[in-house]
Amino acid sequence: KKHLHGLTKTQLAEIGKKIGLNTPNLYPQGYPMVSIGDSTMALAPTKNQALNLVSACHHFVGAWPLQVSTALGLPLADLSCSGEVTASYWKKNLGPYLGPRTQLVVISYGSNDMRVVAQLATYNAHLGTGKKVQGRSRKDVEQSLITILKDVRKRVPNALILTVGYLPLVQEKHCVNLPNMTPFENTRVRHLREAADQALTTASKTVARMSEQQW
């Protein structure tokens with residue numbers, strides 16, 4: 001841990017690859033469970049983090065995908081990274097992890113494309129109404145999610161695919177952790193977060209219908 005501290009994500013990824021060269025792939029036809037996405041995958045009742053060599057990212061210890069994999073007895077490949085957007089999916093080396101033997105895939109993307117947390121941070125940085133952060137539109141994000149989900153389905157024809165939405169970030173009333181947020185700003189962040197959820201829901205339903213027709 002001492003020697004890994006301060007390394008870039010690229011350097012960590014290279015270390016992971018080198019380690020992987022000497023580690024046999026126990027699941028050549030796909031890991032039983034795979035998680036893909038952003039910081040939603042990192043939610044855990046702890047502040048402790050550890051390096052995940054599969055994703056080359058730091059994850060909270062005991063994050064919920066690991067709890068699910070343990071409860072179901074499905075070994076997990078966690079490919080998620082905090083801050084990722086839909087475009088991040090296409091940069092991943094998915095071949096060793098997704099396959100016909102994969103049983104469960106959990107995916108969460110979209111919030112960072114729409115800049116939900118960035119908008120919250122910008123609003124809370126100053127008193128009064130802050131500037132609007134420009135993110136991608138809900139319809140645009142939906143199309144990106146549809147393309148991703150179609151690709152996942154092709155890779156894992158026998159798996160259950162679950163898309164995971166986003167927890168509420170703000171309250172309608174004043175929050176001590178967000179002292180500079182106005183009621184208008186709270187409402188706008190809530191609507192933006194709900195739009196990210198809607199993009200996931202619509203994309204999921206669309207690809208589910210396609211899957212019924214094709215498989």
Side-chain angles (χ1 to χ4, degrees), residues 13 16-17 19-20 23-44 50-113 138 140-167 196-215:
K17 288 178 183 177
I19 293 174
T23 304
N25 184 358
L26 300 178
Y27 309 101
Q29 296 190 59
Y31 263 70
M33 178 177 173
V34 180
S35 60
I36 308 170
D38 53 30
S39 60
T40 300
M41 299 296 174
L43 294 172
L51 176 66
N52 184 311
L53 289 174
V54 173
S55 63
C57 294
H58 282 82
H59 293 178
F60 285 104
V61 177
W64 71 264
L66 182 58
Q67 293 188 36
V68 171
S69 76
T70 301
L72 297 179
L74 298 176
L76 170 69
D78 192 340
L79 302 176
S80 65
C81 279
S82 179
E84 288 205 336
V85 295
T86 51
S88 305
Y89 172 85
W90 304 103
K91 301 176 183 179
K92 295 183 179 297
N93 180 22
L94 300 170
Y97 308 106
L98 296 177
R101 292 291 182 88
T102 301
Q103 299 177 50
L104 174 63
V105 180
V106 289
I107 302 175
S108 184
Y109 280 124
S111 178
N112 292 321
D113 292 73
R138 178 174 63 83
D140 193 22
V141 173
E142 279 178 14
Q143 290 305 310
S144 294
L145 289 168
I146 287 171
T147 306
I148 288 172
L149 291 171
K150 287 170 66 178
D151 185 72
V152 172
R153 173 49 75 205
K154 288 180 180 179
R155 292 173 182 269
V156 292
N158 304 308
L160 173 66
I161 302 172
L162 297 178
T163 50
V164 182
Y166 296 94
L167 291 173
D197 270 352
Q198 187 58 52
L200 274 166
T201 300
T202 302
S204 301
K205 290 180 177 179
T206 300
V207 177
R209 287 193 294 268
M210 292 178 180
S211 297
E212 289 176 359
Q213 295 168 3
Q214 294 178 339
W215 288 279

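Sequential numbering from 1 along the given sequence is applied to the chain's residues. Heavy-atom basis, side chains included; hydrogens, waters and symmetry copies ignored.
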Exercise for the section: Please report the C-alpha distance between Ile36 and Ile148 in whole Å, then the side-chain angles of each, then the deciding distance to 0.1 Å, and finally whether the side chain to side chain contact (heavy atoms under 4.5 Å, CB included) criterion is met. Expected result: CA-CA 11 Å; Ile36 308 170; Ile148 288 172; over 6 Å; no
Problem - Side-chain (Ser55) to main-chain (Cys81) donor-acceptor, under 3.5 angstrom - result: no
Exercise for the section: Tell me, please, which residues at least two apart from Lys92 pass salt bridge (charged side-chain N to carboxylate O under 4.0 Å, His left out). Expected result: Glu84
Handout entry: Exercise: identify the closest heavy-atom pair between Val141 and Gly110
Key = CG1-CA, 3.8 Å
Problem - Donor-acceptor under 3.5 Å (Asn158 side chain, Pro100 main chain) - result: yes
Handout entry: Pairing residues for Leu66 by the side chain to side chain contact (heavy atoms under 4.5 Å, CB included) criterion, not counting sequence neighbours
Key = Ser69, Thr70, Leu76
Exercise for the section: Run the numbers on Thr206 and Thr202 for side chain to side chain contact (heavy atoms under 4.5 Å, CB included), then give the verdict. Expected result: CA-CA 6 Å; Thr206 300; Thr202 302; 4.2 Å; yes
Exercise for the section: Please tell me if the side chains of Leu43 and Leu167 come closer than 4.5 Å, counting only heavy atoms from C-beta onward. Expected result: yes
Practice task
Would you please name every residue forming a side chain to side chain contact (heavy atoms under 4.5 Å, CB included) with Gln67, sequence neighbours left out?
Solution key: Pro45
Practice task
Begin with the C-alpha distance, continue with both residues' side-chain angles, and end with the deciding distance and a verdict on side chain to side chain contact (heavy atoms under 4.5 Å, CB included) for Leu200 and Tyr166.
Solution key: CA-CA 10 Å; Leu200 274 166; Tyr166 296 94; 3.8 Å; yes
Exercise for the section: Mind checking the CE-CZ spacing from Met41 to Phe60? Nearest 0.5 Å is all I need. Expected result: 15.0 Å
Practice task
Could you check if a side-chain atom of Trp64 sits within less than 4.5 angstrom of a side-chain atom of Val164, using non-hydrogen atoms only?
Solution key: yes
Practice task
Output the distance between atom CG (Asp140) and atom CZ (Arg138), rounded to the nearest 0.5 Å.
Solution key: 11.5 Å
Exercise for the section: With sequence neighbours excluded, tell me which residues meet salt bridge (charged side-chain N to carboxylate O under 4.0 Å, His left out) with Asp113. Expected result: Arg136
Handout entry: Euclidean distance, Ser108 OG relative to Leu145 CG, rounded to 0.5 Å
Key = 9.0 Å
Problem - Non-neighbouring partners of Thr201 that pass side chain to side chain contact (heavy atoms under 4.5 Å, CB included), sequence neighbours left out - result: Gln198, Lys205
Problem - Any residue meeting side chain to side chain contact (heavy atoms under 4.5 Å, CB included) with Leu74, in chain and number order, not counting sequence neighbours - result: Pro32, Met33, Leu72, Gln103, Leu104
Handout entry: Test log, rule side chain to side chain contact (heavy atoms under 4.5 Å, CB included), inputs Trp90 and Thr147
Key = CA-CA 10 Å; Trp90 304 103; Thr147 306; 3.6 Å; yes
Problem - Any donor-acceptor pair under 3.5 Å from Arg153 side chain to Ala159 backbone - result: yes
Practice task
Find out whether Tyr27 and Thr102 are in side-chain contact, i.e. whether some heavy atom of one side chain is under 4.5 Å from a heavy atom of the other.
Solution key: no
Exercise for the section: Report the relative orientation of the aromatic rings in Tyr31 and Tyr97; use parallel for angles under 30°, tilted for 30 to 60°, perpendicular for over 60°. Expected result: tilted
Practice task
Could you pull out all residues at least two apart from Thr163 that satisfy side-chain hydrogen bond (donor to acceptor under 3.5 Å, both in side chains)?
Solution key: Ser204
Fill in the blank from the handout: Value for OH (Tyr89) from CG (Asp151), rounded to nearest 0.5 Å, stands at 3.5 Å
Handout entry: side-chain hydrogen bond (donor to acceptor under 3.5 Å, both in side chains) partners of Ser80, counting only residues at least two apart
Key = Asp78
